[in-house]
Amino acid sequence: MRLSRYFLPVLKEAPADAQIVSHQLMLRAGMIKQNGAGIYSWLPLGMRVLHKIEKIVREEQERAGAVELLMPTIQPAELWKESGRYDAYGKEMLRILDRHEREMLYGPTNEEMITDIFRTYVRSYKQLPINLYHIQWKFRDEVRPRFGVMRGREFLMKDAYSFDNTVEAAKQSYYRMFCAYLNTFSRIGLKAVPMRADTGPIGGDLSHEFIVLADTGESAVFCDSALVDMPAPGKDLNFWQDLLPEVEKRTKLYAATEEMHDAARFESEVPAERRLSARGIEVGHIFYFGTKYSAPMKAEVTGQDGKNAPVEMGSYGIGVSRLVGAIIEASHDDKGVIWPAAVAPFEVAVVSLRSDDADVTKVCESAYEQLLNAGVDVLYDDTGERPGAKFSTMELIGVPELIVVGPKGVKAGVVEFRNREAGSSEEMTLEAAIKRCLASKGA
RNA sequence: CGGAGUAUAGCUCAGCCUGGUAGAGCGCUUGCUUCGGGAGCAAGAGGUCGUUGGUUCGAAUCCAGCUACUCCGACCA
């Protein structure tokens, strides 16, 4: 992408409404525009990050056996009356009347709808297990939206729903998502710690939150630092073996959010040097809730014994749009965002220091072409801005690697290769710089 | 939903107390000079002061209603 043809409205100053750093940086970097309380447009740069996160989420869901579909944002009220949640959900649910005065709602979640899909098609225990997911916009009419996309009213969520014959099988489905989440967050470049959670209004008796540690997080968390340091299971994990040991390795270590915290247990179970009390942001939440929806909605399958029984269900959410904010909270400095490479809107930027210099332009164009051809997401700053302004913008939007091309370097046959996170700068030939970019992409 | 604020140019804000023809910086446009860390000079464009009503000869300014947004608390991916 050539910057001269791109849409990147960066701001020097943070709008006064933004209070936390991720919100300020997202506005300044031209990623989002607020359209109302808790409602945002995703501008091109922000949308790129959203897509990168979605891609990783999809890959890890599929690896764990979940299958993608897409349900609508608007749902008829009938399904929610069946489950009893139409009245129970309260004012957080945005209710709408259509032109025929039929009661509709903008989905805050999709348990009812997926259960309806399931019961329409699935009859036999032989068809299980099934795990269906989608990535769709949700609306929850929060009393107090705040913190930009971290607590918007409209937000993008990946929600998966598992269906099993038995409690034991349902727990394995739960463990698969548990491990998939660890892998997902790890690939995104985050340390996300699973913590036992309240099941809340969704109901059920097995639930974990995945918490990203960040100084600016909304809730206090307490955990064993060994849990934070433990690597994710990784892509070689066999998802179709008994995953309980993999899960237990983590769940046996102490980790709790403020509301579940037990100071006495914390101190007795965790050695002093590993007692970590920090702040965190919830980016995922998984639930096992049995037949809470399948029983009232009659989502039943015929078992081996010829009898019908409601299926065992779980649901698994990742706040995709919230993750964008969470990543920034966890990874920024006073100059701007520091994107983990996997989710950076652009992986590399080619910065021309003199767009009116033919030799410089020639080197830039060559670098840009080569990177494009190699499949790298490259931003080419071909504008006539001054060097200082260009560097500031690149640091603000957090491009991980820069190839800086200036007249002096071109005469000497070198370009400058910079790394955003390390703050490093080296001179090398263009070929070497491109090789470095490709190497970090492969890593 | 309880409490507290804010609303003036694209952005950040001043002006309001003490009513009298709308201001700054940044950004934008044009020209010249610049060009390795958000350039300098010059000339410009840009606002029915959130909205409705009231007080007044006169309202950005005083008063009231409404709306929107933000913050603190309770709730939440």
Side-chain angles (χ1 to χ4, degrees), chain A residues 9-20 23-24 27-28 30 33-39 53 57 89-93 107-111 135-160 181 192 197-202 207-212 218-219 257 259 280-287 315-326 335-336 351-357 360 383-396 402 404-410 412 414-416 418 423 425 427:
Chain A
V10 297
L11 303 171
K12 258 191 183 177
E13 291 169 289
D17 283 350
Q19 299 296 319
I20 63 164
H23 191 195
Q24 291 171 353
L27 290 167
R28 287 191 54 210
K33 178 190 188 313
Q34 183 166 4
N35 301 115
I39 299 175
I53 294 173
V57 168
Y89 215 94
K91 287 182 134 181
E92 255 190 29
M93 184 153 73
T109 178
N110 288 67
E111 279 83 5
I135 297 178
Q136 178 63 290
W137 291 92
K138 306 291 189 288
F139 194 92
R140 293 184 191 174
D141 200 357
E142 297 278 346
V143 188
R144 183 148 105 83
R146 63 190 130 161
F147 303 148
V149 299
M150 301 260 286
R151 188 181 319 257
R153 290 193 292 173
E154 190 185 47
F155 60 98
L156 188 61
M157 181 164 98
K158 186 286 299 180
D159 39 324
Y181 275 33
D198 241 338
T199 51
I202 294 185
S207 177
H208 285 87
E209 291 178 9
F210 288 77
I211 307 276
V212 169
E218 326 158 65
S219 44
T257 55
E259 45 286 2
I281 302 162
E282 180 185 353
V283 292
H285 202 156
I286 61 180
F287 303 87
S315 76
Y316 315 90
I318 291 179
V320 175
S321 49
R322 172 182 282 187
L323 267 171
V324 179
K335 292 174 179 165
V351 177
S352 168
L353 292 184
R354 290 296 299 266
S355 60
D356 56 351
D357 180 311
V360 169
T383 65
E385 287 297 310
R386 297 165 60 84
K390 291 191 172 193
F391 293 138
S392 296
T393 298
M394 291 303 155
E395 281 156 355
L396 174 62
L402 298 189
V404 180
V405 184
K408 283 180 223 156
V410 166
V414 295
V415 299
E416 181 190 347
R418 289 194 188 188
S425 162
E427 292 203 330

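So that the names make sense, note that chain A is the first sequence line, chain B the second, and so on, each numbered from 1.
Taking atom C1' in both B:C17 and B:A60, one finds a spacing of 14 Å when rounded to whole Å. Between the P atoms of B:G2 and B:A74, the separation comes to 16 Å (whole Å). Comparing B:G44 with B:G58, their P atoms are spaced 35 Å from each other, to the whole Å. Distance noted for atom P between B:A43 and B:C49: 29 Å (whole Å). Going from the P atom of B:A64 to that of B:U6 covers 14 Å, rounded to whole Å. Rounded to whole Å, the separation between the P atoms of B:C1 and B:G10 comes to 33 Å. Separating the C1' atom of B:U56 from that of B:G20 is a span of 12 Å, rounded to the nearest Å. A distance of about 12 Å separates the C1' atoms of B:U48 and B:A22, rounded to the whole Å.
The separation between A:Arg144 atom CZ and B:A4 atom C1' is 11 Å, rounded to whole Å. In this structure, the CZ atom of A:Phe147 is 13 Å from the C1' atom of B:C75, given to the nearest Å. Atom CG of A:Asp357 and atom P of B:C35 are 13 Å apart (whole Å). Here the P atom of nucleotide B:G37 and the CZ atom of A:Arg354 are 13 Å apart, to the nearest Å. Atom pair A:Ile53:CD1 and B:A77:P shows a separation of 18 Å (rounding to whole Å applied). One interatomic measurement links the two molecules: CD of A:Glu111 to C1' of B:A77, which rounds to 11 Å at whole-angstrom precision. Note: CD (A:Glu13) to C1' (B:G38) measures 12 Å, nearest angstrom. Spacing between atom NE2 of A:His285 and atom C1' of B:A77 amounts to 9 Å, rounded to whole angstrom units.
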request  = Decide yes or no on side-chain contact (heavy atoms from CB on, under 4.5 Å) for A:Tyr89 and A:Arg140, but give the supporting numbers first.
outcome  = CA-CA 10 Å; A:Tyr89 215 94; A:Arg140 293 184 191 174; 3.7 Å; yes
task = Apply side-chain contact (heavy atoms from CB on, under 4.5 Å) to the pair A:Ser352 and A:Lys390, showing each step before the final yes or no.
result = CA-CA 9 Å; A:Ser352 168; A:Lys390 291 191 172 193; 4.3 Å; yes
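Here the side chain of A:Pro387 is nearest to one of B:C35, B:A77, B:C69, namely B:C35. Which of B:G38, B:C35, B:A77 sits closest to the side chain of A:Ala389 comes down to B:G38. When distances run from any side-chain atom of A:Gln19 to the nucleotides B:G37, B:U70, B:A77, the shortest one goes to B:U70.
Under the Watson-Crick or G-U wobble criterion, with both distances below 3.5 Å, B:A45 is left unpaired in every strand shown. Remark: B:C17 base-pairs with no nucleotide; criterion is Watson-Crick or G-U wobble with both hydrogen-bond distances under 3.5 Å. Taking a pair to require two hydrogen-bonding distances under 3.5 Å in either a Watson-Crick or a G-U wobble arrangement, B:A59 remains unpaired. The base-pairing partner of B:C69, taking Watson-Crick or G-U wobble contacts with both distances under 3.5 Å, is B:G5. With a 3.5 Å ceiling on both atom-pair distances, the Watson-Crick or G-U wobble partner of B:A24 is B:U12. Across all strands shown, B:G37 remains unpaired; no Watson-Crick or G-U wobble contact has both distances below 3.5 Å. Under the Watson-Crick or G-U wobble criterion, with both distances below 3.5 Å, B:A77 is left unpaired in every strand shown.
Taking all atoms of both residues into account, the shortest heavy-atom contact from A:Val360 to A:Leu353 is CG1-N, 4.4 Å. In this structure, A:Tyr181 and A:Gly317 approach most closely via the heavy-atom pair OH-N, 3.0 Å. Heavy-atom minimum distance, A:Ser321 versus A:Val149: O-CG2, 3.5 Å.
Residue contacts for A:Leu353: at a heavy-atom cut-off of 4.0 Å it reaches a base atom on one of the strands shown. When heavy atoms are screened at a 4.0 angstrom cut-off, A:Glu282 is found touching the sugar-phosphate backbone but no base atom. At a threshold of 4.0 angstrom between heavy atoms, the contacts of A:Ser321 with the nucleic acid are absent. Across all strands shown, A:Gly36 has heavy atoms under 4.0 Å from sugar-phosphate atoms exclusively, and none from any base. Using a 4.0 Å heavy-atom distance criterion, A:Val283 is classed as a sugar-phosphate-only contact. Heavy atoms of A:Gly406 sit under 4.0 angstrom from at least one base atom. Looking at heavy-atom distances under 4.0 Å, A:Asp356 makes contact with a base. Across all strands, A:Gly152 comes closer than 4.0 Å to base atoms (heavy-atom distances). Contacts of A:Lys408 with the nucleic acid, taken as non-hydrogen atoms under 4.0 Å apart, are absent. Counting non-hydrogen atoms under 4.0 angstrom, A:Ala14 reaches the backbone sugars and phosphates but no base.
For the pair A:Arg322 (side chain) and A:Ile281 (backbone), a donor-acceptor distance under 3.5 Å is absent. Between the side chain of A:Arg28 and the backbone N or O of A:Leu11, at least one donor-acceptor pair lies under 3.5 Å.
Both geometric conditions, a ring-centre gap below 5.5 Å and a plane tilt below 30°, are not fulfilled together for A:Phe391 over the base of B:G38.
Side-chain N/O atoms of A:Gln34 include one lying less than 4.0 angstrom from OP1 or OP2 on B:U70. Put simply, A:Lys12 has no side-chain N or O that comes within less than 4.0 Å of OP1 or OP2 on B:U12. Dashed line: the shortest gap from a side-chain N or O of A:Arg386 to OP1 or OP2 of B:A39 is under 4.0 Å.
With a 4.5 Å cut-off on side-chain heavy atoms, A:Lys138 and A:Asn110 count as touching.
Map A:Gly317 and A:Ala18 each onto its nearest nucleotide of RNA chain B; the residue landing nearer the 5' end is A:Ala18. Mapping A:Val149 and A:Gly409 onto RNA chain B by nearest heavy atom places A:Gly409 closer to the 5' end of the strand.
Within 3.5 Å, a donor on the side chain of A:Arg28 pairs with an acceptor on the base of B:G38, or the reverse. The base of B:U70 lies outside donor-acceptor range of the side chain of A:Arg146, with no N or O pair under 3.5 Å.
One distance of note links NE2 of A:His285 with CE of A:Met157; it measures 11.0 Å at 0.5 Å rounding.
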